[in-house]
Amino acid sequence: MPDYGHPLRFGSFVSPAHATPRRPVDLAVLSEDLGLDLVTFQDHPYQSSFHDTWTLLTWVAARTSRIHVAGNVLNLPLRPPAVLARALASLDLLSDGRAELGIGTGGYFDAIATMTGAPALTPGDAVTALDEALDVIRGIWDVADPTPLHTGGEHHRVAGAARGPAPAHDIPIWVGARQRRMQQLIGRKADGWLPSLPWLKPGDLAAGNRVIDEAARAAGRDPRAITRLLNVTPQYSAAALAERAIEDGVAVFILASDDPAELRRFAEVTAPEIRDRVGEARSRGGSVAAPRAARSFRGDPVPAALAERAILPSDRGYARYTSGFFRGARPGIVLRPQTTAEVQEAVRFAARHRDVPLGLFSGGHGLSGRSLNDGGLVLALDALNEISVSDHRVRVGPGAHWAEVAQALAPHGLAITAGDAGGVGVGGLATTAGIGWFAREHGLTIDLLRAVDVVTATGDLVHASATEHPDLFWAMRGAGANFGVAVSFEFDAHPVPGQVGFAILVFAPDDVAAFLEGWGAAIEAAHPSVTGTLMTGPGRRGVPGPVHAIVVVDSDDPDVVLERLQPLADLAPLADHAVRMTSYAGLLTDQPGAESQHGQGEPHSHSGLVRHLTPEIAAGLADLLASGSPFLLSVRSAGGAVGATPADATAYAWRDANFLLVTLGGGSPDFERRWAELVPLFEGMYLSFETDTGPDVVARAFPPEHLKRLRALKREWDPDMLFRDNFPIDPDAD
Ligand SMILES: Cc1cc2nc3c(=O)[nH]c(=O)nc-3n(C[C@H](O)[C@H](O)[C@H](O)COP(=O)(O)OP(=O)(O)OC[C@H]3O[C@@H](n4cnc5c(N)ncnc54)[C@H](O)[C@@H]3O)c2cc1C
């Protein structure tokens, strides 16, 4: 007996005919008076004899006080999901949690096409459309996520939609469907199956349940999470319907009738008899209700401590983990530990599933996009975001963002140099290097790191510092993602004035190569308090594009700021410029576009570290730009204090490099070839701006001696390569 353990409920299914406009409303009121739980209406807006179902639902909700209302089922092609989600949430709020969602793809594709003018959907399209719509609806309701909603898709996509309102209750999504692929979708990500008994042949319910249950299990869900509903007609006896509950797990029976006498009989005679029969069968069989937290991944139950907050593709918070900064993803499960102990459990769980990708997700800004994945496990560390300051020592969780760190440190007159964008997470940046504003004055972010707590591949918690596990501490500063999950960092912050200089200089150089060379020399000669980034694109029709320079000067004296900017401003004619004083936290937050994480494509980003912008390198970069193949080239400052730490002191080795080059392109063969030709001119490469992840990339990111040591350490700490998704270091390679 597939009893899914849901309480029995009974409803009515009323025609929305408007021949007597108030009649459907009266039948709804009668349904409530009779004690039914639910009143539903079919949704065929192309039939002129019917009310618009949505308008009717709202009227009924206002005229009743207890009964729940739903479309049976709402017609997705005619009700755009983002609009529908808001409408439902509003109705749910207005009716104190009585709005339910039954949805389907219409079925009458030709009629829908006539009404919309759009070509008729094929059944295959309909499944995809519904799949996408569920993401949109749940995404709109997910107000816990502060970012605008972005979902990709063929039929329903939203780009930056505001979320909300959230409904008053967790509205389950019931799908009306008969096709196998639709049933598989229900198993994967819906909350209920709502077929109509008169349309079914004997055995169809059992067969549909099997498909749904199998799909649910494959998606890591407990099949009991999916409610089985059934539209019935007065011709079926209570005994026959009770059998459907007992044998097929139906828990909600909805009577299609506009006859008050039939509705009364159903509520007063049929429903109680079904209850009695099912009650007896249950007391014999002893069924148990499914706890929401019973979750599994590929048949393996998720540990209890993690199950409640685990996110499967069917869950409301899933959309948050389907886009990184550049790339889209569809993880199989997202584990969201709240504590270090839970991270340890999550790592042990992941170790049982080595054959699928394992993403470590802190701030989600990783350019390679490997913190998310398709079908694998994601360990999301958003909740580990504590920031505590004691004197100049700062303890930070990997899930914190650098803007939050800057804001927390500002009242103490402190900062930690850490990149240029506040939305970047601590976990990803502080395990690779951190080349940021003030790098020339204070070094890399990892140079300020004094200790890191790591959950290693065995699930053990290890405190790594200069005196405890110094080898691991060495590896975590440059190749951290290969060695474990960093769960807490301890930094020594540096002092920062309340205001620093910030300039945008827009150059219009005739000769880009000469300008780059000049920029290189000027930055190298500049006071260590000066850091600058150039950004430029390919230009048009042979004319170089403008070159934007963003320059930060760590001084609160405007005269000093101007004096230190002047040699840079003199390099070429300025098309525009702006100079102002701002806080360090302001530097990290005033970056339009730097916060967004709705990547769906596959842009290619490459990076190179160079000691000087030599004539050869400058000319190569100018040629690359002139070819039109990259979207963007940026030249960031390293150098200065970065070189004060010996090259062998950390896994990040390129201490002599004064500049980080980053280019972004669509991956055209021309772009790739031109970049590859430049690579031999570079000293090294910085993982954080690279989207390729193969062994040749790793070999460019570390000098041979470093790589040798990293491989030996990998053999010690992660010989079976649990942590291998982003720039894997092969312990056994020569
Ligand atoms: C707009 C923008 C601006 C940037 N500016 C700079 C800059 O100025 N300077 C600079 O140095 N970098 C910069 N970066 C690159 C950035 O440092 C990396 O992308 C970094 O990996 C992002 O960290 P995250 O936690 O946000 O990313 P996530 O996507 O969460 O993680 C990226 C990768 O880091 C690793 N990782 C994440 N968390 C952990 C953890 N807790 N333990 C171990 N490994 C972990 C994993 O390999 C993961 O795949 C910038 C990126 C963007 C998108």
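Whatever order the structure lists them in is the order used to number ligands and atoms, beginning at 1. These figures come from a predicted structure and were not determined experimentally.
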Under 4.0 Å from a heavy atom of Gly484: give me the atoms of ligand 1 that qualify, with their elements. 42 (N), 43 (C)
Could you report the tightest heavy-atom contact between Ala451 and Ser465, atom names first, then the distance? CB-CB, 3.9 Å
Do the non-hydrogen side-chain atoms of Ser368 and Phe727 ever get within less than 4.5 Å of each other? yes
Here's a test for you: under side chain to side chain contact (heavy atoms under 4.5 Å, CB included), which of Ile729, Val347, Thr456 qualifies with Phe723? Val347
Using distance alone, determine whether Gly366 and ligand 1 share an N or O pair under 3.5 Å. yes
Honestly, for Tyr686 the part within reach of ligand 1 (heavy atoms, under 4.0 Å) is side chain
Please indicate whether any nitrogen or oxygen in Gly364 is less than 3.5 Å from any nitrogen or oxygen in ligand 1. yes
Can you find a heavy atom in the side chain of Arg440 that is under 4.5 Å from one in the side chain of Val530? yes
Nitrogen or oxygen atoms of Ala486 and ligand 1 under 3.5 Å apart: yes
Check whether any heavy atom of Gly434 sits under 4.0 Å from an atom of ligand 1. yes
Heavy-atom distances under 4.0 Å decide this one: backbone, side chain, both or neither, for His401 against ligand 1? neither
Heavy-atom contacts with Leu429 under 4.0 Å: which atoms of ligand 1 show up? List them by number with element. 10 (C), 11 (O), 12 (N), 17 (O), 20 (C), 23 (O)
Close N or O approach (Phe689, ligand 1; < 3.5 Å): no
Polar contact flag for Gly425 and ligand 1 (N/O pairs, less than 3.5 Å): yes
What's the verdict on side-chain contact (heavy atoms from CB on, under 4.5 Å) for Val506 and Val547, showing C-alpha distance, side-chain angles and the deciding distance? CA-CA 6 Å; Val506 185; Val547 181; over 6 Å; no
Polar contacts were defined as any N/O atom of the residue lying under 3.5 Å from an N/O atom of the ligand; does this apply to Gly428 and ligand 1? yes
Indicate the atoms forming the closest heavy-atom contact of Gly484 with Val454, along with that distance. CA-CG1, 3.8 Å
Do the side chain of Ser629 and the main chain of Leu625 share a donor and acceptor less than 3.5 angstrom apart? no
Option with minimal heavy-atom separation from atom 45 (C) of ligand 1, where the choices are Ser607, Gly427, Ala638, Ala479: Gly427
With side chain to side chain donor-acceptor pair (under 3.5 Å) as the criterion, how do Arg330 and Thr322 come out once you've worked through the C-alpha distance, each side chain's angles and the decisive distance to 0.1 Å? CA-CA 6 Å; Arg330 309 287 303 168; Thr322 56; 5.0 Å; no
Select one of side chain, backbone, both or neither to describe which atoms of Pro398 lie under 4.0 Å from any atom of ligand 1, heavy atoms only. side chain
Test of proximity, Thr432 against ligand 1: N or O pairs below 3.5 Å: no
Out of curiosity, Trp717 CH2 to His469 NE2, how far, rounded to the nearest 0.5 Å? 5.0 Å
Numbered in order shown, the ligand 1 atoms found under 4.0 Å of a heavy atom of Phe361 are 30 (O)
Enumerate the atoms of ligand 1 whose separation from the nearest heavy atom of Gly363 is less than 4.0 angstrom. 24 (P), 25 (O), 26 (O), 30 (O)
Rounded to the nearest 0.5 angstrom, the CG-CG distance for Leu613 and Leu661 is 6.5 Å
With heavy atoms under 4.0 Å as the rule, classify the contact between Asn726 and ligand 1 as side chain, backbone, both or neither. side chain
Which atoms of ligand 1 have any heavy atom of Leu367 under 4.0 Å away? 19 (O), 53 (C)
Going by the atom numbers of ligand 1, which of them fall below 4.0 Å from some non-hydrogen atom of Arg370? 49 (O)
Check for me whether Arg477 meets the cation-pi criterion with Phe473, that is, NZ or CZ under 6.0 Å from the six-membered ring centre and within 45 degrees of the ring axis. yes
Proximal ligand 1 atoms for Leu381, defined as those under 4.0 Å from one of its heavy atoms: 41 (N)
Give me the one residue out of Leu534, Thr533, Leu568 that meets side chain to side chain contact (heavy atoms under 4.5 Å, CB included) with Ile523. Leu568
What do you reckon, does Ile435 have a nitrogen or oxygen under 3.5 Å from a nitrogen or oxygen of ligand 1? yes
Steps toward side-chain contact (heavy atoms from CB on, under 4.5 Å) verdict (His365, Phe326): CA-CA 8 Å; His365 258 44; Phe326 272 172; over 6 Å; no
What are the atoms of ligand 1, with element, lying closer than 4.0 Å to any heavy atom of Phe325? 1 (C), 53 (C)
